[in-house]
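Inspection log for the structure reproduced underneath, given as structure tokens.
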Amino acid sequence: QVQLVESGGGLVQAGGSLRLSCAASGRTASAYAMGWFRQAPGKEREFVAGINWSGGSTYYADSVKDRFTISRDNAKNMLYLQMNSLKPEDTALYYCAAERGLRILVRTDEYDNWGQGTQVTVSS
């Protein structure tokens, strides 16, 4: 098991930027694929971005492609999500997830390890 704690959420105006962080502890996080998901009120949790164990491969939901960037620092056991050009529809609770494996994972049921989430609110 790996423990995950997100930070960096907040209130931002449309067009602004935020950087989310996820600190991993427990088992060696470098052996895990990691991802960011989000859940808006009344909606299901959805995939935002994923990264493989080494950080060499990434994948994004179409809704955030070219605006968000996922990255990781295995030496620090950290995962990041740089969010630019934020829109009101990006408002959600953002979750960090991790699962043992080498490839990128995109489904919620593929992950067993989740953080508590950090709120992102984008005002128009």
Side-chain angles (χ1 to χ4, degrees):
Q1 290 287 341
V2 61
Q3 290 75 46
L4 305 169
V5 178
E6 304 94 336
S7 62
L11 174 64
V12 64
Q13 288 189 330
S17 298
L18 280 174
R19 187 194 195 204
L20 304 185
S21 298
C22 173
S25 60
R27 292 185 179 270
T28 304
S30 62
Y32 286 70
M34 301 188 77
W36 288 98
F37 290 74
R38 67 187 182 187
Q39 187 167 18
K43 295 188 177 181
E44 293 189 352
R45 192 171 299 187
E46 65 175 3
F47 171 80
V48 174
I51 191 166
N52 74 334
W53 70 278
S54 68
S57 294
T58 59
Y59 184 73
Y60 299 91
D62 287 344
S63 58
V64 306
K65 200 174 296 182
D66 299 326
R67 299 189 298 123
F68 291 10
T69 302
I70 188 172
S71 61
R72 65 191 297 167
D73 184 338
N74 285 344
K76 296 181 179 179
N77 283 342
M78 294 293 295
L79 178 73
Y80 305 101
L81 185 68
Q82 178 66 45
M83 305 187 295
N84 299 328
S85 302
L86 282 161
K87 305 175 181 180
E89 51 263 44
D90 294 318
T91 295
L93 189 60
Y94 281 72
Y95 295 92
C96 168
E99 185 56 44
R100 290 188 64 86
L102 304 180
R103 62 182 181 89
I104 296 173
L105 305 173
V106 302
R107 300 199 318 261
T108 55
D109 62 1
E110 292 180 305
Y111 289 90
D112 285 335
N113 303 283
W114 294 87
Q116 293 301 305
T118 185
Q119 179 67 39
V120 172
T121 302
V122 184
S123 63
S124 57

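Only heavy atoms go into these numbers, but all of them, side chains included; no hydrogens, no water, no symmetry mates.
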Can you check salt bridge (charged side-chain N to carboxylate O under 4.0 Å, His left out) on Asp62 and Lys65, steps first, answer last? CA-CA 5 Å; Asp62 287 344; Lys65 200 174 296 182; 3.0 Å; yes
Cluster link Phe47 to Leu79, ILVMFWY, side chain under 4.5 Å: no
Ignoring hydrogens and angles, tell me if any N or O in the side chain of Arg72 forms a donor-acceptor pair with the backbone of Ala33 under 3.5 Å. no
OH-CG distance between Tyr32 and Asn113, expressed to the nearest 0.5 angstrom: 5.5 Å
Rounded to the nearest 0.5 Å, how far apart are CZ of Arg103 and OG of Ser57? 12.5 Å
Heavy-atom pair with the smallest gap, counting every atom of Ala24 and Leu4: CB-CD2, 3.8 Å
Which heavy atom of Ala14 sits nearest to which heavy atom of Ser124, and what is that distance? CB-CA, 4.4 Å
So, the side chain of Glu6 versus the backbone of Gly117: is there a donor-acceptor pair under 3.5 Å, distance only? yes
If we ignore hydrogens and angles and just use 3.5 Å, is the side chain of Asn74 paired with the main-chain N or O of Asn77 as donor and acceptor? no
Out of curiosity, does Leu86 fall in the hydrophobic cluster containing Phe37 (side-chain heavy atoms, cut-off under 4.5 Å, transitive links)? no
Strictly distance-based, threshold 3.5 Å: is any side-chain N or O of Trp53 a donor or acceptor partner for the main-chain N or O of Arg100? no
I would like to know whether Tyr80 and Cys22 meet side-chain contact (heavy atoms from CB on, under 4.5 Å); could you show each step before the answer? CA-CA 6 Å; Tyr80 305 101; Cys22 173; over 6 Å; no
Within one Ile-Leu-Val-Met-Phe-Trp-Tyr cluster: Val122 and Phe68, side-chain cutoff 4.5 Å: yes
Nearest-0.5 Å distance that lies between atom CD1 in Ile104 and atom CD in Glu110: 11.0 Å
Do Trp36 and Ile51 sit in one hydrophobic cluster, given that two such residues count as connected whenever their side-chain heavy atoms are within less than 4.5 Å of each other, even indirectly? yes
Straight-line distance of Gln39 CD to Glu44 CD, nearest 0.5 Å: 8.0 Å
Dump the intermediate steps for side-chain contact (heavy atoms from CB on, under 4.5 Å) on Met78 and Ser21, then the final yes or no. CA-CA 7 Å; Met78 294 293 295; Ser21 298; 3.7 Å; yes
Contact summary for Val2 and Ser25, nearest pair of heavy atoms: CG2-O, 3.0 Å
On a heavy-atom basis, the closest approach of Met83 and Val120 is CE-CG2, 3.8 Å
Quick check against the 3.5 Å criterion: does Thr118 have a side-chain atom that pairs as donor or acceptor with the backbone of Tyr94? no
Which value, rounded to the nearest 0.5 Å, describes the distance between Arg38 atom CZ and Leu93 atom CG? 12.0 Å
Do Leu105 and Tyr59 share a hydrophobic cluster, counting only Ile, Leu, Val, Met, Phe, Trp and Tyr and linking them when any side-chain heavy atoms are less than 4.5 Å apart? yes
Nearest-0.5 Å distance that lies between atom CZ in Arg67 and atom CD in Gln82: 12.0 Å
Closest heavy-atom pair and its distance - Ser85, Ser17: N-OG, 4.4 Å
Considering non-hydrogen atoms only, spot the tightest contact between Glu99 and Tyr111 and give its length. OE1-C, 3.7 Å
